[in-house]
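Working notes for the structure below.
Heavy-atom basis, side chains included; hydrogens, waters and symmetry copies ignored.
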Amino acid sequence: MCLKTAVSVVVVIVAQLLLSSVNTLDPNLSSNPAVTEETHDVISKETNDTIPKETNDTIPKKTNDTIPKETNYAIPKQTIPVIVKETNDATLKETNSAIPKETIPVVEKETSDAILKETNPVIPKEINPTIPKDTSDAIPKETNPSIPKETIPVISKETSPAIYKETNPATPKETNPAIPKEINPAIPKETNHAIPKEIHPAIYKETIVTGSNGKCRKYTKSPDDNEYRIAWLAPKKEYYNFSAATSVGAMKLALKRIQLGELNHDLKGGTLRAKWYDTNCDSKQALQAFVQSIEDFDPDVIIGPPCSTGLRCVAQLGSIWNLPVFSWVSDLLDFKDKDKYTTLVRLSGPLYATSEIVRQTSLYFKWQNYALISDKAAPYEAVAVALRQAAGADTNYTIRSVHYVTPDTKDSEIKEMMQQIKKFARVIIFVVPYHMLRHYLLIAHSLDMANGEFAFICINGDVFTWEVMDTKILSDWGWKRNDTDDEKAREIFESVIHIIMDPPNKDEEFLNEIKNVSVADFPNWEIPFDGSELDAHAPYLYDAMITWADCVHYILNKSLGNPRNGSLMYKQVPEASKSKGITGSIVFNEPGRDRMLNYRVLDMLEDGTFYNLYHFKYADKKFMRIESDDPTLYPLGGRWPTRDGKRPPDIPVCGFDGEKCVEESESMEAACSTGCRPLTLA
């Protein structure tokens, strides 16, 4: 089958070349490119009975004008085969039954000798089949001048089997990339660029590597290649409070410390190159950035992009190309699918971890029933979806109702939500921006929900800098606005607990060094930013870089293979990550290879500021421990505005409508009728 395929493709190509020079069939013509009707008649009558006279109409006289005079020299006179009537008769008798007339092109004697001798013994080399009528129609007249004199190759028997071995006969002539640039330099350069190398792995064996998942990689890293290329994908503009300009300091500091060995990473003498690509928080531009980095930079690792819409596309391409992808911001539950994202490592922590924090909180306060109010903005809705999906049989809590709000939601609508919630819940989870919590709680206060019977949990997955932590999160800023509602806000904030991701370590040395290195210019770093300002996510970028370096160090020193092998690096992450990060201990779970983040639960003090009620900390990949601040200073169960100072139950003692107390009262009245003394309910 492969030999037949090779012959058919070679025959088609040679037919194109001969047809483009059909006006040279008379060897006595040397300068006049015109081929008259009479000339065609003579050829048909004396050399080929099978070409009827009327087929001469398929080559109109006017086509001679499209062939420049100099193209007559493309096929030397001595290479024009002589078509003898007897040979053709014999050929047609023996072979026309096997080869349809309409697919039998003219094959030059020299070419057919070279190709047919080695590839198809069934077809004798003296065969000179006919040119069917419809063949000439298949080659439009405007294509003749597109084959310059130097593009007519002589295909020898050594090259033709190699070229056509894997060729698909279904590929049209005009798109068949079977003759690559390096084998046939006569094809114009711009034509070769239109043919991706990865279409033909049989030809480009030296540049294509098949990964463990069967996908093709365009490049492979040589064992003696000690240069590590890092493609940093991040938006130039600011989105969701992060950008390349507000995280470049963390990137440069990580590069500097890794390169100089300050963090004990042994890269075996390797050097680091880094290049930034703008993703604009857009999926299309993120795809473009990834492809461009592959084409002009050939990276060993992709860092980013931070926006989940772009990361989704890049992480899937990374899986196909088997390239490591390290992310420092991510908030999609879809990334939990490890069959789809086989090389993605996340440093900011997965959103589904918030459900584990709610589960632990439920155990701590003995709550099981919740209502949920969430903002519709993407980052908050993603947390709400994670909590809803986790609720039920696999956890110890149930979400009885879900409600969505936006900054434009009317107060009357929010009141209606609260009235519905009061019928079946006493603990309400708010997944909203922290600065909006006060507004919603003031509406709850107007509905008498600040009486100690209700608890409010604020959890949203937001990340804060230490400056914001000090000035807003731990201060009285959450409820205090210096307006007439401050006292009401403070009263109801007594029933609030605030769950946040543990902020980065307040490392003054880290911050000071960033100011110096952010303006440094290194020749191997193509990063056009020099800002020293850090956004809240920048420390996670730093930790993503040193985690990648941990993995490279581990793979090289254990002789496990190539550190640009994405699936290999993905497997080694839990064991390889040993560094202490700016964002705390870097611990990954198994089998998900997702960062397990630490959380804080904040409660309000008597002065209106907040303190750490307790910490959820991951000591290793299996165990989480709970730490509390000094129990002599702060009550372990938190401060609550109830009569006994304890947390409110998730189901009221008398029931949501007081039905349990009514039943108890009726039973007491019945008992009193027999002479017992009734008790007064508190």
Side-chain angles (χ1 to χ4, degrees), residues 358-374 387 391 396-403 405 411-432 436-459 478-479 485-499 601-606 608 610 613-614 634-668 679-682:
V358 171
R359 189 182 76 85
Q360 293 291 341
T361 301
S362 299
L363 291 172
Y364 191 88
F365 290 109
K366 297 182 174 60
W367 291 330
Q368 293 181 329
N369 301 282
Y370 299 95
L372 176 66
I373 298 178
S374 173
L387 297 179
N396 60 340
Y397 69 87
T398 301
I399 295 179
R400 294 188 173 274
S401 67
V402 179
H403 310 268
V405 294
D411 289 356
S412 59
E413 297 176 25
I414 298 173
K415 280 187 178 182
E416 186 177 349
M417 291 179 194
M418 299 287 188
Q419 294 285 16
Q420 292 296 322
I421 289 172
K422 289 174 67 175
K423 296 178 181 180
F424 44 76
R426 286 295 181 267
V427 184
I428 305 173
I429 300 174
F430 281 92
V431 186
V432 298
M436 289 295 297
L437 182 63
R438 181 181 187 265
H439 175 72
Y440 301 130
L441 290 184
L442 284 173
I443 296 176
H445 189 284
S446 69
L447 298 175
D448 297 326
M449 298 174 71
N451 57 5
E453 292 185 9
F454 293 84
F456 308 97
I457 300 175
C458 182
I459 180 171
W479 59 267
D485 290 326
D486 278 353
E487 284 304 316
K488 294 178 182 178
R490 175 171 179 161
E491 184 180 2
I492 198 167
F493 261 76
E494 291 278 4
S495 300
V496 171
I497 59 174
H498 190 188
I499 301 177
V601 177
L602 307 178
D603 187 27
M604 194 171 81
L605 292 170
E606 292 181 2
F610 285 80
L613 178 60
Y614 54 87
Y634 311 111
L636 289 176
R639 295 178 61 259
W640 298 98
T642 55
R643 283 181 294 182
D644 58 3
K646 296 181 180 179
R647 51 89 187 156
D650 58 343
I651 298 178
V653 174
C654 291
F656 291 105
D657 294 324
E659 67 277 4
K660 292 183 179 180
C661 292
V662 171
E663 292 174 359
E664 186 176 351
S665 177
E666 291 175 351
S667 65
M668 288 181 180
L679 298 176
T680 302
L681 293 177

Can you tell me how far [atom2] of [Y] sits from [atom1] of [X], rounded to the nearest 0.5 angstrom?
X	Y	atom1	atom2	answer
Ile457	Ile499	CD1	CD1	5.5 Å
Lys422	Phe656	NZ	CZ	12.5 Å
Thr642	Glu494	OG1	CD	10.5 Å
Ile497	Arg639	CD1	CZ	14.0 Å
Glu416	Ile421	CD	CD1	11.0 Å
His498	Leu613	NE2	CG	13.5 Å

Side-chain contact, heavy-atom cut-off 4.5 Å: [X] with [Y]?
X	Y	result
Asp486	Arg438	yes
His445	Asp485	no
His439	Ile414	yes
Val405	Glu413	no
Leu447	Gln419	yes

Report the C-alpha separation of Tyr397 and Thr361 in whole Å, then their side-chain angles, then the decisive distance to 0.1 Å, and conclude whether the side chain to side chain contact (heavy atoms under 4.5 Å, CB included) test is met.
CA-CA 10 Å; Tyr397 69 87; Thr361 301; over 6 Å; no

Sidechain-backbone polar pair: [X] side chain, [Y] backbone, donor-acceptor under 3.5 Å:
X	Y	result
Arg400	Ala371	no
Trp367	Pro648	yes
Asn369	Asp650	no

Taking all non-hydrogen atoms of both residues, which atom of [X] and which atom of [Y] are closest, and how far apart?
X	Y	result
Arg426	Pro649	CB-O, 3.7 Å
Ala444	Ile492	CB-CD1, 3.9 Å
Val432	Cys458	O-SG, 4.3 Å
Asn451	Asp448	ND2-O, 3.4 Å
Val496	Asp603	O-OD1, 3.6 Å
Ser446	Lys415	OG-CE, 3.8 Å

CA sep, side-chain torsions, deciding dist, call: Tyr370, Ser362, side chain to side chain donor-acceptor pair (under 3.5 Å):
CA-CA 10 Å; Tyr370 299 95; Ser362 299; 2.6 Å; yes

Whether Tyr440 and Phe430 hold their rings parallel, tilted or perpendicular, with breakpoints at 30° and 60°:
parallel

